[in-house]
Amino acid sequence: MLKKLLPHPHLTLLLTAVWLLLANAYTINSLVFGLLMGLVIPWITAPYWPDRPRVRNFPMIVEYVLIVLWDILKSNITVARIVLFVPNAKLEPAWVTVPLDLHEPEAITALAGTITMTPGTLTAELAADGHSLLVHCLHAPDPDGVRDEIKERYERRLKEIFE
């Protein structure tokens, strides 16, 4: 009975917290409305989530988020330097294929989103067989190094979280 009313409890909490942050008002009205949205949205979308993602390592999520935030900060500075000081003729954009060891769709989506959120890189395509991502890099003198860094910093941790 509780599972029908609250199909995704973590999503309910996340939606409530995001609403409070977006509303930027910590009143009882904001909390009630956020909680209402946090209850209704997962309930309405539950039929589209037949298999919930299984998170295997919750502490690793904190580590992953901190690493991603740090990388976003560093990449913003790097991209600003490139835009301001590197002439177009010296840019070395590259398409990098990242083979995937991940199998869970949620983990692959998190990896693709992480790559796209990091300035200077963009996930362009998931291969039809689901075994690799095509990533565009603004400036990648060493495309193999970019691939290895994505696999080591992000994919390895996502594998620990989801699989």
Side-chain angles (χ1 to χ4, degrees), residues 1-76 78-79 95-138 146-163:
M1 177 70 174
L2 184 61
K3 190 172 181 174
K4 279 192 159 214
L5 293 174
L6 199 61
H8 303 286
H10 293 103
L11 182 59
T12 298
L13 291 174
L14 178 67
L15 289 171
T16 304
V18 167
W19 176 256
L20 288 172
L21 290 171
L22 288 173
N24 202 22
Y26 305 107
T27 64
I28 191 70
N29 291 341
S30 293
L31 177 63
V32 169
F33 188 73
L35 191 57
L36 185 64
M37 283 186 5
L39 290 169
V40 171
I41 291 172
W43 183 72
I44 290 173
T45 61
Y48 304 106
W49 295 41
D51 299 321
R52 278 194 250 176
R54 304 269 190 270
V55 176
R56 308 272 187 244
N57 189 346
F58 279 102
M60 183 61 74
I61 294 173
V62 174
E63 178 182 329
Y64 183 77
V65 167
L66 291 174
I67 285 172
V68 169
L69 290 173
W70 175 250
D71 287 351
I72 288 172
L73 179 68
K74 283 189 341 186
S75 295
N76 272 304
T78 302
V79 168
W95 290 98
V96 178
T97 300
V98 179
L100 296 176
D101 296 327
L102 296 170
H103 302 291
E104 294 293 323
E106 293 82 7
I108 294 171
T109 302
L111 178 61
T114 299
I115 292 167
T116 299
M117 283 187 294
T118 307
T121 56
L122 173 76
T123 304
E125 184 176 30
L126 173 65
D129 63 3
H131 295 298
S132 64
L133 290 175
L134 182 62
V135 176
H136 183 267
C137 302
L138 175 66
V146 171
R147 180 200 62 225
D148 295 343
E149 185 175 6
I150 289 170
K151 290 190 72 61
E152 176 59 28
R153 287 186 73 77
Y154 306 133
E155 186 185 33
R156 178 182 61 80
R157 287 178 173 87
L158 286 171
K159 195 166 178 73
E160 289 181 38
I161 291 169
F162 285 101
E163 297 180 2

- Item | Side-chain heavy-atom pair I72, N76 within 4.5 angstrom cut-off | yes

- Would you say the side-chain atoms of T123 pair up with the backbone N or O of I115, donor to acceptor, closer than 3.5 Å? no

- side-chain contact (heavy atoms from CB on, under 4.5 Å) filter on D129, not counting sequence neighbours, yields A127, H131

- Message: Return the CG to OG distance between L138 and S75, rounded to the nearest 0.5 Å.
- Response: 10.5 Å

- Could you go through the side chain to side chain contact (heavy atoms under 4.5 Å, CB included) check for L69 and V65 one step at a time? CA-CA 6 Å; L69 290 173; V65 167; 3.9 Å; yes

- Message: What I want to find out is whether R56 reaches E160 closely enough, with some N-O distance under 4.0 Å, to be called a salt bridge.
- Response: no

- Item | Side-chain touch W95/L134, heavy atoms, less than 4.5 angstrom | yes

- Lys/Arg N to Asp/Glu carboxylate O, R156 vs D101, below 4.0 Å: no

- Item | Nearest heavy-atom neighbours spanning R157 and E152 | NH1-O, 3.5 Å

- Message: For the SG atom of C137 and the CG atom of L122, what is their distance to the nearest 0.5 Å?
- Response: 9.5 Å

- Task: Mark yes or no for whether T12, through its side chain, and L39, through its backbone, hold a donor-acceptor pair below 3.5 Å.
- Result: no

- Message: Looking at Y26, is its backbone amide N or carbonyl O close enough to the side chain of S30 to form a donor-acceptor pair, meaning the two atoms are under 3.5 Å apart?
- Response: no

- Minimal non-hydrogen separation, P42 against L15, with atom names: CD-CD1, 3.9 Å

- Item | Minimal non-hydrogen separation, W19 against M37, with atom names | CE3-CE, 3.6 Å

- Value rounded to 0.5 Å, distance of OH in Y154 from CD1 in I67: 8.5 Å

- Heavy-atom pair with the smallest gap, counting every atom of E104 and E163: N-OE2, 2.9 Å

- From L158 CG over to I108 CD1, what is the distance, rounded to the nearest 0.5 angstrom? 10.0 Å

- Note on the structure: Heavy-atom closest pair (T114 atom, Y64 atom, distance to 0.1 Å) is OG1-OH, 2.6 Å

- Full working for side chain to side chain contact (heavy atoms under 4.5 Å, CB included) between L111 and F162: CA-CA 11 Å; L111 178 61; F162 285 101; over 6 Å; no

- Task: Could you tell me which residues satisfy ring-ring contact (aromatic ring centres under 6.0 Å, His included) with Y48, sequence neighbours excluded, listed by chain and number?
- Result: none

- Message: Classify the ring geometry of H10 against F58: parallel below 30°, tilted from 30° to 60°, perpendicular beyond 60°.
- Response: tilted

- In terms of heavy-atom contacts, V98 and R147 come closest through CA-CG, 4.1 Å

- Rounded to the nearest 0.5 Å, what separation is found between the CG atom of L133 and the OG1 atom of T121? 11.0 Å

- Query: Any sub-3.5 Å donor-acceptor pair from K151's side-chain atoms to L100's backbone N or O?
  - Reply: no

- Query: Rounded to the nearest 0.5 Å, what separation is found between the CG atom of N29 and the CG atom of L36?
  - Reply: 12.0 Å

